[in-house]
Structure formats: structure tokens, C-alpha cells
Amino acid sequence: MDMKVKNWSGTIPRPVGLIIRQKDPNNLEMPFDQLDDFITPTELFYIRSHFPTPELDPLSYRLSTGGAVRRELSMSYADIRAMPSRSCIATLECAGNGRVFLAPPVPGAQWELGAVGNAEWTGVPLSFLLEHAGLADDVVEIVLEGADRGAPKEEPKPPGQISYARSIRRARAMEHDVLIAYQMNGQDLPPDHGYPLRAIVPGHYGMASVKWLTNIVAATQPFQGYWQTSDYGYWDDSDGTPVRRPLAEMHLKSQIALPRVYERLQPNRPYTIFGAAWAGDTDVTEIWISLDGGASWVKGDFIDPINRHAWRRWKYDWTTPPRPGRYTLLARATAADGCVQPDGHNPNFGSYVIDHPLPIEVFVTSLEACPGS
Ligand code: MTE
């Protein structure tokens with residue numbers, strides 16, 4: 001991947017091994033069968049960008065905080081790096097992850113399973129800046145705006161070029177793990193992941209974690225920008241009337257990493273089914289696996305402990321069926337708040353929130369047909 005980098009001195013030169021869904025802007029996904037570690041290596045972490053990656057010079061870079069505040073702030077990259085910092089581990093999932101499983105097909109990047117990753121993020125709590133700026137009493141949301149600009153291609157198109165901007169509710173913005181991050185997995189953010197600074201909003205779909213963050217605006221009205229209404233919105237029900245709302249918290253979800261779709265397996269052999277499960281603002285507490293397309297379910301085991309906002313890898317030790325044939329595997333998670341993954345996709349979410357158990361079809365072949373058997 002050709003990447004023009006200015007003033008970026010990180011040690012991860014370029015993503016390798018990611019599946020290209022789109023180039024310029026870069027939209028690349030992780031081959032999910034390479035889910036090995038709890039922490040996704042940075043070079044395997046998916047990239048989802050709406051516009052080309054902006055080249056930002058950390059020496060001239062400013063992060064402004066304004067809107068309904070008592071004191072407007074303008075900070076340099078060095079100012080932010082000198083502030084007290086904290087680290088958190090958070091799973092980011094693109095709201096369109098798994099779109100290729102929707103039938104009939106829907107427009108948009110045809111993500112398979114890999115528009116999700118789990119990283120350690122380090123930076124300054126957003127609340128630190130907001131407290132310093134002093135929010136007015138009537139502030140309801142905090143708008144986060146990135147330096148990237150362009151003209152969206154999806155209808156209804158806004159006039160001219162716009163920047164990427166999303167808002168989060170005031171209470172969420174004040175939570176200590178919402179970060180203005182400058183490091184990912186212990187190293188400076190790579191350009192495609194938001195260098196020099198990005199927001200990290202744990203528990204929300206990835207669209208909330210604005211990259212190349214340049215403006216923070218305290219708003220006294222809910223923000224109605226393009227990425228909040230036309231895109232990354234869904235239809236909610238308000239006393240029988242459909243109303244448009246912005247997507248926010250990630251829904252409970254689990255995915256199978258191994259076996260892969262259409263993998264050929266030997267009959268009557270031990271095979272460890274392996275995957276990960278995550279949730280927005282709750283904890284994943286159980287994982288159930290179906291080996292027969294959803295007719296029956298068996299309980300799997302977690303590999304990782306509960307760590308709020310981070311995924312939990314899980315496994316199930318299976319003995320493959322003795323009879324050759326086509327088998328459909330499914331995984332379904334349960335959460336601490338009692339939620340279970342739904343049976344199917346809710347059309348009110350359009351081409352987003354693909355949170356139902358995703359079928360992984362495998363072939364058990366006769367021993368002679370299996371390579372290496
Ligand atoms: N921030 C800006 N400025 N521009 C973008 O296009 N994409 C969003 C979010 N932040 C985006 C952005 C979306 S849709 C996702 S899923 C995450 O960034 C992806 O973050 P990553 O590319 O670091 O994985």
C-alpha cells in the first residue's frame with residue numbers, strides 16, 4: 001500500500017495482510033481467521049476511512065475546543081502529549097461489519113468478518129479538556145470533527161464538501177475512558193488510524209471514534225450532521241412514529257474465526273471452534289455454539305476474562321461429524337443485561353448493525369478427499 005507519510009516516525013510502516021475492500025480512501029479488513037491474540041496487532045487492525053488520509057504536521061497541528069464553553073482552548077500536539085494520560089483496551093467494530101451476509105445484497109463496502117479489532121489506546125481523557133474548558137450548563141452533546149474532507153457519494157448527498165464529524169452525548173463524553181488518543185498498542189497512531197490524534201469512544205460503533213481530530217465543539221442542541229442522520233443513522237419507534245436516530249452503542253455480537261467459511265474438515269476428528277464476542281456497554285457472559293444450523297446449541301468456553309469494552313475470545317472443542325456433508329456453524333452470545341443476539345437482521349438498521357448469528361458453512365469430506373489425511 002502506498003502511503004505518503006509526513007512527520008510520522010512510527011515503526012509500523014504500512015498495513016500488511018489486510019483484505020482490500022477499497023483503495024483511496026483506504027478501506028481494509030482483517031482476515032478474521034487470523035484472530036490469534038487478545039490484542040489485534042496494529043498492522044492487522046481494519047481501516048475504515050471515508051476520505052483520503054490527511055497529512056497533518058504535528059508541529060503546526062492544533063486541537064480547538066469551543067462552542068458553549070467558558071474558555072476556548074487551542075492546544076498543540078505537544079500540549080496534549082504533556083497532559084496526564086491513561087490507557088484502555090477497547091474493541092472497535094465498524095457498524096457495517098458483516099454486511100456481505102445480508103440478503104438481498106445492500107450497497108456499501110462488502111465487509112466480511114474483519115471490520116473489527118481490539119487494541120490498547122493511550123491518550124488524554126476527553127473529560128480533562130472539557131473540564132478545563134468549562135461546559136455551559138445547557139450543553140447536551142460534544143461534536144468531534146476530523147481534518148479529512150470530501151463529498152460523500154451516497155444519497156442524499158449534502159451540498160459541496162464536508163468534514164467527518166460525529167457527536168456523543170454529554171454524559172458519555174465525561175466518562176474517563178473516552179480518550180483523545182495518540183497511541184495504539186504502545187506506539188504513535190499510524191496515519192490511517194488517525195495520526196496525530198483521534199477520539200476513542202469505547203462501547204460505541206467505530207464511527208464515533210473520530211480520527212485526525214481537530215475540533216471539539218460543545219453543542220446545546222443534538223447535532224444533525226450528515227454522519228449522524230443520513231449515514232450511520234437508523235429508524236427508531238417513537239409511539240408508533242418512525243424517527244431517525246444516530247447509531248451509538250455496539251450491539252452484542254459473536255463471530256466464528258475458525259473454521260473459515262467453506263473450510264474442508266476431516267470426519268470424526270477433534271477440532272477447536274474459535275472466535276470472539278463483544279458488546280457495547282455490558283459484558284458478554286455466555287457463548288453458545290450450534291453445529292447444526294441453529295437446531296440445537298452447546299455452551300462454549302471463554303479464553304479471556306471479562307474486561308469491559310474489550311472482546312472475549314472463546315472456544316468449543318468439537319469432534320467433527322462422522323458423516324460427510326455440509327454443516328452450518330453458528331455462535332450466539334448472551335450478555336450480563338440479559339440480551340441475546342437476535343435471530344435475524346433488523347431492517348430498521350438498514351445496512352448496519354449486522355448482529356445476528358452469522359452462518360459459517362463447512363464441508364466434512366470423506367478421508368480420501370481430505371488433503372494430508
Ligand atoms: N474519523 C474520520 N475523521 N474519518 C473517517 O472516515 N471513519 C470512522 C471512524 N473515524 C472515520 C473516522 C469509522 S466509520 C470507523 S469504523 C472507525 O473510524 C475506524 O477506525 P480505524 O480506521 O482506525 O479502524
When rounded to the nearest 0.5 Å, the distance separating CG of Leu189 from OG1 of Thr42 is 9.0 Å
Taking Thr40 for the side chain and Phe45 for the main chain, is one N or O donor matched with an acceptor at less than 3.5 Å? no
Could you check whether Trp227 and Phe51 have their ring centres less than 6.0 Å apart? yes
Does one side chain, of Asp281 or His309, offer a donor that lies under 3.5 Å from an acceptor on the other? yes
Does some side-chain heavy atom of Leu130 sit less than 4.5 Å from a side-chain heavy atom of Ile216? yes
Measure the shortest side-chain to side-chain distance between Trp318 and Thr320 over non-hydrogen atoms and say whether it is less than 4.5 angstrom. yes
Looking at Asp148 and Lys211, does any basic side-chain N land under 4.0 Å from a carboxylate oxygen? no
Quick one: does Thr122's side chain have a donor or acceptor within less than 3.5 Å of a partner on Arg86's backbone? no
Donor-acceptor under 3.5 Å (Trp314 side chain, Ala276 main chain): yes
Joint hydrophobic cluster, Val139 plus Ile180, side-chain heavy atoms closer than 4.5 Å: yes
Nearest-0.5 Å distance that lies between atom CD1 in Ile89 and atom CZ in Phe38: 4.5 Å
For Leu44 and Gly17, which heavy atoms make the closest approach, and how far apart are they? CD2-O, 4.2 Å
Measure from the side-chain N and O atoms of His345 to the backbone N and O of Gly350, and report whether any donor-acceptor pair falls under 3.5 Å. yes
Taking Gly108's backbone N and O only, do any of them form a donor-acceptor pair with Gln110's side chain (distance below 3.5 Å, no angle check)? yes
Answer with yes or no whether the hydrophobic clustering places Val340 together with Leu358; edges join I, L, V, M, F, W, Y residues whose side-chain heavy atoms lie under 4.5 Å apart. no
Taking atom types as modelled, is there a side-chain donor on Glu145 or Thr214 under 3.5 Å from an acceptor on the other? no
What are the two closest heavy atoms between Lys253 and Asn97, and how far apart are they? NZ-O, 3.2 Å
Can you tell me if Thr285 and Asp283 form a side-chain donor-acceptor pair at under 3.5 Å? no
I'd like to know if the side chain of Ser238 reaches the main chain of Thr241, judged simply by a donor and an acceptor atom lying under 3.5 Å from each other, with no hydrogens or angles considered. no
Verify the ring-centre separation between Tyr352 and His251: is it less than 6.0 angstrom? no
Angle between ring planes, Tyr164 versus Tyr232, binned at 30° and 60°: parallel, tilted or perpendicular? perpendicular
Where does the angle between the aromatic ring planes of Trp311 and Trp278 fall among parallel (under 30°), tilted (30 to 60°) and perpendicular (over 60°)? tilted
Looking at Ala277, is its backbone amide N or carbonyl O close enough to the side chain of Arg312 to form a donor-acceptor pair, meaning the two atoms are under 3.5 Å apart? no
Does any part of the side chain of Leu28, heavy atoms only, come nearer than 4.5 Å to the side chain of Tyr46, both counted from C-beta? no
